[in-house]
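Read through the structure below, which is laid out as structure tokens, and then see the notes.
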Amino acid sequence: MLVVMHHDAAASEVEAVCQTIRDMGYQPVPMPGEQRTAIGLIGNEGPVDDSQVVGLPGVAQVLHVSKPYKQVSREWKAETTLVTLGPGVVVGGRDVVVIAGPCSVESEEQIVASARAVRAAGATALRGGAFKPRSSPYSFQGLGKRGLELLALARQETGLPIVTEAMDEAGAELVAEYADCIQLGARNMQNYSLLRAVGRMKKPVLLKRGLAATITELLMSAEYILAAGNPQVILCERGVRTFDSAARNMFDLNAIPIVQRLSHLPIIADPSHGTGLRDKVTPMARAAVAAGADGIIVEVHPNPDRALSDGAQSLFPEQFAQLMEALRLIAGAIDRNVASPLHAELGIG
Ligand code: PEP
Ligand code: MN
């Protein structure tokens, strides 16, 4: 249930609604917004009797949220959530944020060179996995804590905020110490104890869509994070499994406008895992921005042929620089802007 207050409702009226909700045995979540103050009710399992609330002073409307993922729904909150990754790097606003870097952190030289190259081309955040969820136990598993230290070094060198994956609860604590944003990968989208754990943290979370997850399931997973207290969630479309083996995954462009209608959380796209094929990454990245994605996360490697993971889908730095130019044009055509590191430094956004 969501109680929408009149825009001129007094603070005492908002508090009276909160107290009534508490007296009913539920928890009120006041949400002051630009256009209205709303008070959400959580802690119910079934429908809630609103008769004690509808007539209270200052109440404009009582809405019953029909979705199973209520706190992430647009019914619950009308304005798109803004998630800040670093000074001036905000996901969900007019800026299209580009997060780029290698699949895995491999060495100091590799991650620093990657960070410098993507920054020079205009990326505003650095990606790179230190804990890698690999399909084979014999594949490179990532450098672990050392990888996090190298990411912190690359951030120090370039100023780029870092986005890196956590695979379990203990790893998430460690990642939170180093990273600006904790990535939860496709394989862990439904790891509910991990979702709850990052929900208790104060760091932004990048939640990727599962390999065969529906959009509703993605949003319900995000709900776990919000329900545990962390509203800073960015969703990511990264392709799903289908019958067709022509590409690694089926990149679901539909998910972008669909999620934007259903949820206030920002959504970005990962054309690297969405296609698995280097020459398909650029067209699908362009398409994602044209479709309205709030950003992209893309794999770029200084020497993709030598990459320890996902080399076949990693862009060469020159290809990435060309892609950035195209994205600036596309973003401009839909009245958006590709965030630039210079703007981020100046805090212009
Ligand atoms: C990655 O970002 O390198 C990754 C493993 O992605 P996903 O979880 O989408 O497969
Ligand atoms: Mn990868």
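All ligand and atom numbering here is 1-based and tracks the order in the structure. For the numbers below, each heavy atom of this structure counts, side chains included, while hydrogens, waters and symmetry mates do not.
Residues Arg328 and Glu325 are not paired through a salt bridge, judged by the lack of any N-O separation under 4.0 Å between the basic side chain and the carboxylate.
Counting only protein N, O or S atoms, 4 lie closer than 2.8 Å to the Mn ion (ligand 2).
Checked options Met189, His273, Arg187; the residue passing with Lys208 is His273 (criterion: side-chain contact (heavy atoms from CB on, under 4.5 Å)). Under the side-chain contact (heavy atoms from CB on, under 4.5 Å) test applied with Ser263, the options Ile215, Leu219, Leu218, Thr80 reduce to a single match, Leu219.
Counting heavy atoms from C-beta outward, Lys67 and Trp76 have side chains that stay 4.5 Å or more apart.
Few gaps surround CZ on Arg22; more than 12 heavy atoms of other groups in view lie less than 6.0 Å from it.
Expressed to the nearest 0.5 Å, how far CG of Asp294 lies from CD1 of Ile267 amounts to 8.0 Å.
Residues His6 and Glu13 have side chains that never bring a donor and an acceptor to within less than 3.5 angstrom of each other.
Near ligand 1, residues Cys103, Arg127, Lys132, Glu165, Gln183, Gly185, Ala186, Arg187, Lys208, Arg238, His273, Glu299 come within 4.0 angstrom through at least one heavy atom.
Remark: side-chain polar atoms of Asn249 are not paired, donor with acceptor, to backbone N or O of Phe251 under 3.5 angstrom.
Considering all non-hydrogen atoms of both residues, Val300 and Ser114 come closest at O-OG, 4.4 Å.
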